[in-house]
Enquirer: 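Sharing a structure here in structure tokens format.
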Amino acid sequence: MSLAEPDNMIERPSDPIDDLVVVPRRHYGIWIGMVVALLFAFVIIRALATNPAFAWDVAAGYLFHPSIMRGLAKTLLLTVVIMAAAIVVGTIIAIMRVSPSLVLQSFASAYVWFFRGVPALIQLIFWFNLSLLFRTFSLSLPWIGPVFSVNTNDFMTPFVSAVVALSLCEAGYLAEIIRAGIKSVPSGQSEAASGLGLSYGQILRRIILPQAMRFIVPPTGNEAISLLKMTSLVTFIAVDDLFYTAQSIYARTFETIPLLIVVAFWYLFVVTVMSIGQHFLERYYGRSDKLDESPFARLIRLAFAPRRVGVLP
Amino acid sequence: MTPKAENQARFGVAPDAMVFARGVRKSYGPLEVLKGIDATVPAGSVACIIGPSGSGKSTFLRCINHLEQLSGGILLVDGEFVGYDLRDGKLYEVKNSLLCKRRADIGMVFQSFNLFSHMTVMENLIEAPLRVRGMPVGEARAKAEILLARVGLSDKAARYPRELSGGQQQRVAIARALAMNPKVLLFDEPTSALDPELVGEVLQVMRDLAASGMTMVVVTHEIGFAREVGDQLIFMDQGVIVERGVPREMIANPQSPRTREFLSRVL
Ligand SMILES: Nc1ncnc2c1ncn2[C@@H]1O[C@H](COP(=O)(O)OP(=O)(O)OP(=O)(O)O)[C@@H](O)[C@H]1O
Ligand SMILES: [Mg+2]
């Protein structure tokens with residue numbers, strides 16, 4: 001560059017370009033907004049700090065209380081088990097929905113319609129009370145006779161009904177997400193794969209689903225986060241999760257607000273960890289298009305890029 | 001007698017015919033797209049198919065590797081039905097696993113490349129040999145490297161498709177098809193999605209392939225390629241073959257007015 005344009009090297013006493021100064025636009029609206037926001041923050045923090053009813057010291061004392069820890073573990077266990085089951089069921093339902101068979105398609109649509117349509121709490125209580133519908137479950141074969149028989153109440157413990165109810169419900173949402181992901185993969189991909197001789201299962205597993213992942217992971221992360229919070233519904237059927245444990249403590253001690261703070265803290269903590277995990281998962285599944293920059297990322301980059309006169313991004 | 005010899009005797013197929021079509025029909029509902037196609041592509045030869053948009057060229061190619069099921073007629077590849085077995089005068093649909101195996105012998109290259117976008121070039125090339133042929137990884141990689149060298153892309157093995165130009169992607173797609181050692185390669189307008197300056201590199205790879213004795217069926221608008229490389233030229237219009245012949249003669253002196261009209265538009 002310097003070789004090609006020797007003219008630039010010569011000192012010229014007053015090049016008008018050198019004297020140009022950029023004067024940034026004034027954003028008065030943003031300034032006013034900032035002042036209002038800071039004011040609000042101040043008021044809220046002051047209320048939190050000075051109102052003795054929050055009893056921060058009590059909350060801190062309960063933060064690592066053994067029963068709270070056990071409740072937290074139960075909440076995490078529920079979330080993981082329900083999410084895993086929901087992913088399996090949701091994937092099956094989604095594959096049924098994109099299958100060529102009209103019967104499978106209709107079955108899957110009906111599933112999604114029902115389990116997304118009925119409120120989770122009602123499904124939960126329904127499964128918990130399954131014994132009102134079926135007293136026992138038994139299997140008897142034509143010539144062999146009864147093989148086994150169990151009382152519904154013996155296996156439909158609160159924990160099992162919570163897992164069954166919430167994972168069936170969650171699967172309805174996940175099925176839709178997964179189906180949209182599968183649909184987002186161009187049809188040429190499966191065409192090329194079947195041309196190469198890959199089987200239907202291989203095409204789904206190796207070609208379609210990995211590409212669908214980029215569309216599936218972000219909303220699934222959101223689902224996992226809302227599922228974590230949805231598990232607090234199990235309090236209604238007396239599963240000793242985080243919320244239930246806190247409730248049973250403040251029912252005795254009347255330290256309601258501090259315990260709710262403890263519960264909120266742990267939910268926030270886990271959600272934060274999950275969001276970070278989601279970020280890395282998204283990056284992993286997006287690795288084949290690292291050339292792309294989302295419009296939002298570009299905006300951020302340009303906003304923080306040093307400004308230069310006459311240089312377009 | 002082997003099934004192949006039996007089929008050949010029964011349907012009067014030339015012993016060296018790699019692709020043999022007789023009376024091939026295909027309908028989508030009430031719309032008849034192919035109305036009785038007869039064609040023979042001898043092993044080691046190149047057949048070029050031209051014709052206006054919607055004439056059924058792609059459909060015919062897709063019938064050859066059974067991506068579409070025929071509505072009538074027969075189609076043999078190397079003396080065998082792709083999707084059926086003939087027993088007692090009946091065509092039995094074959095198991096999916098067998099269909100996959102037979103399809104693997106028929107390579108296809110698409111207008112829109114269709115490389116697997118979540119896999120690197122190397123992964124694209126070894127996927128089918130590993131999963132369909134059960135080839136050991138080392139062998140598949142070694143083979144892929146040879147093929148990449150052949151299409152002039154040895155340095156791109158670790159790249160993802162979208163990091164390549166269209167011409168490079170199409171050359172990878174050809175290498176991917178070759179990785180399965182196909183008996184025949186089908187090309188569906190392989191250069192139509194390319195910028196003009198990238199067409200040449202893809203045609204060069206195809207020219208080399210033809211010279212190496214690969215059997216090829218090429219749907220193309222590149223009349224120059226058809227004239228130079230093609231052993232036969234087929235002109236299709238509205239689901240029928242209007243005219244066929246030796247490319248040089250047919251292009252210089254088309255017999256049917258429809259062929260003449262079409263050629264005058266694309267030349
Ligand atoms: N899956 C399908 N369902 C219904 N109609 C189809 C389908 N595929 C193709 N057709 C129709 O079949 C006809 C032939 O299509 P085909 O793709 O074979 O044409 P083509 O000769 O390859 O054209 P082009 O040069 O535009 O690629 C068209 O009228 C098309 O609309
Ligand atoms: Mg076409």
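In what follows, every chain begins at residue 1, and chains take the letters A, B, ... in the order their sequences are listed.
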Enquirer: Applying a criterion of heavy atom separation less than 4.5 Å, what residues of residues 55-66 of chain B form contacts with chain A?
Expert: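 Counting heavy atoms that sit under 4.5 Å from chain A, the residues of residues 55-66 of chain B involved are B:Arg62, B:Asn65.
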
Enquirer: Can you tell me how far the CZ atom of B:Arg133 sits from the CG atom of A:Leu196, to the nearest 0.5 Å?
Expert: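 That separation rounds to 10.0 Å.
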
Enquirer: What is the minimum heavy-atom distance between A:Ala192 and B:Phe116, and which atoms define it?
Expert: CB-CE2, 4.3 Å

Enquirer: When rounded to the nearest 0.5 angstrom, what is the spacing between CD1 in A:Ile207 and CD in B:Glu127?
Expert: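 With rounding to 0.5 Å, CD1 (A:Ile207) is 5.0 Å from CD (B:Glu127).
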
Enquirer: Quick one: CE on B:Met108 to OG on A:Ser194, what's the gap to the nearest 0.5 Å?
Expert: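 Rounded to the nearest 0.5 Å, the CE-OG separation comes to 10.0 Å.
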
Enquirer: Please check if atom CZ in A:Phe269 has more than 12 non-hydrogen atoms from other residues, nucleotides or ligands closer than 6.0 Å.
Expert: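 12 or below, so no.
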
Enquirer: By number, which residues in residues 79-106 of chain A have some heavy atom less than 4.5 Å away from chain B?
Expert: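 Answer by number: none.
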
Enquirer: Report, as yes or no, whether the 6.0 Å neighbourhood of atom OH on B:Tyr92 holds more than 12 heavy atoms from other residues, nucleotides or ligands.
Expert: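 It does: B:Tyr92 OH has more than 12 such atoms within range.
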
Enquirer: More than 12 non-hydrogen atoms from neighbouring residues, nucleotides or ligands closer than 6.0 Å to CD1 on A:Ile17, yes or no?
Expert: no

Enquirer: Please list, in residue-number order, every residue in residues 181-191 of chain A that has a heavy atom less than 4.5 Å from any heavy atom of chain B; write 'none' if there are none.
Expert: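 Contacts with chain B: A:Gly188, A:Gln189, A:Glu191.
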
Enquirer: Would you mind writing out the side-chain donor-acceptor pairs for residues 168-176 of chain B within the sub-3.5 Å range, not counting sequence neighbours?
Expert:
residue  : atom : partner  : partner atom : Å
B:Gln168 : OE1  : B:Ser165 : N            : 2.9
B:Gln168 : OE1  : B:Ser165 : OG           : 3.4
B:Gln169 : NE2  : B:Pro161 : O            : 3.4
B:Gln169 : NE2  : B:Leu164 : O            : 3.4
B:Gln170 : NE2  : B:Phe110 : O            : 2.8
B:Gln170 : NE2  : B:Pro190 : O            : 2.8
B:Arg171 : NE   : B:Glu201 : OE2          : 3.2
B:Arg171 : NH1  : B:Val151 : O            : 2.8
B:Arg171 : NH2  : B:Glu201 : OE2          : 2.9
B:Arg176 : NH1  : B:Asn114 : O            : 3.2
B:Arg176 : NH1  : B:Asn124 : OD1          : 3.2
B:Arg176 : NH2  : B:Asn114 : O            : 3.0

Enquirer: Sort out for me which of B:Asn96, B:Leu186, B:Thr120, B:Leu115 touches chain A most, counting heavy-atom pairs under 4.5 Å.
Expert: B:Leu115

Enquirer: Give, as side chain, backbone, both or neither, the part of B:Leu67 having an atom under 4.5 angstrom from any heavy atom of chain A.
Expert: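 For B:Leu67, the contact with chain A is made by the side chain alone.
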
Enquirer: Between B:His118 and A:Arg206 (side chain of the first, backbone of the second, donor and acceptor by atom type, cut-off under 3.5 Å), is there such a pair?
Expert: yes

Enquirer: Write down the atom of A:Ser199, the atom of B:Cys100, and the distance for their closest heavy-atom approach.
Expert: CA-SG, 3.6 Å

Enquirer: Tell me which of these, B:Arg102, B:Lys101, B:Arg131, has more heavy-atom pairs under 4.5 Å with chain A than the rest.
Expert: B:Arg131

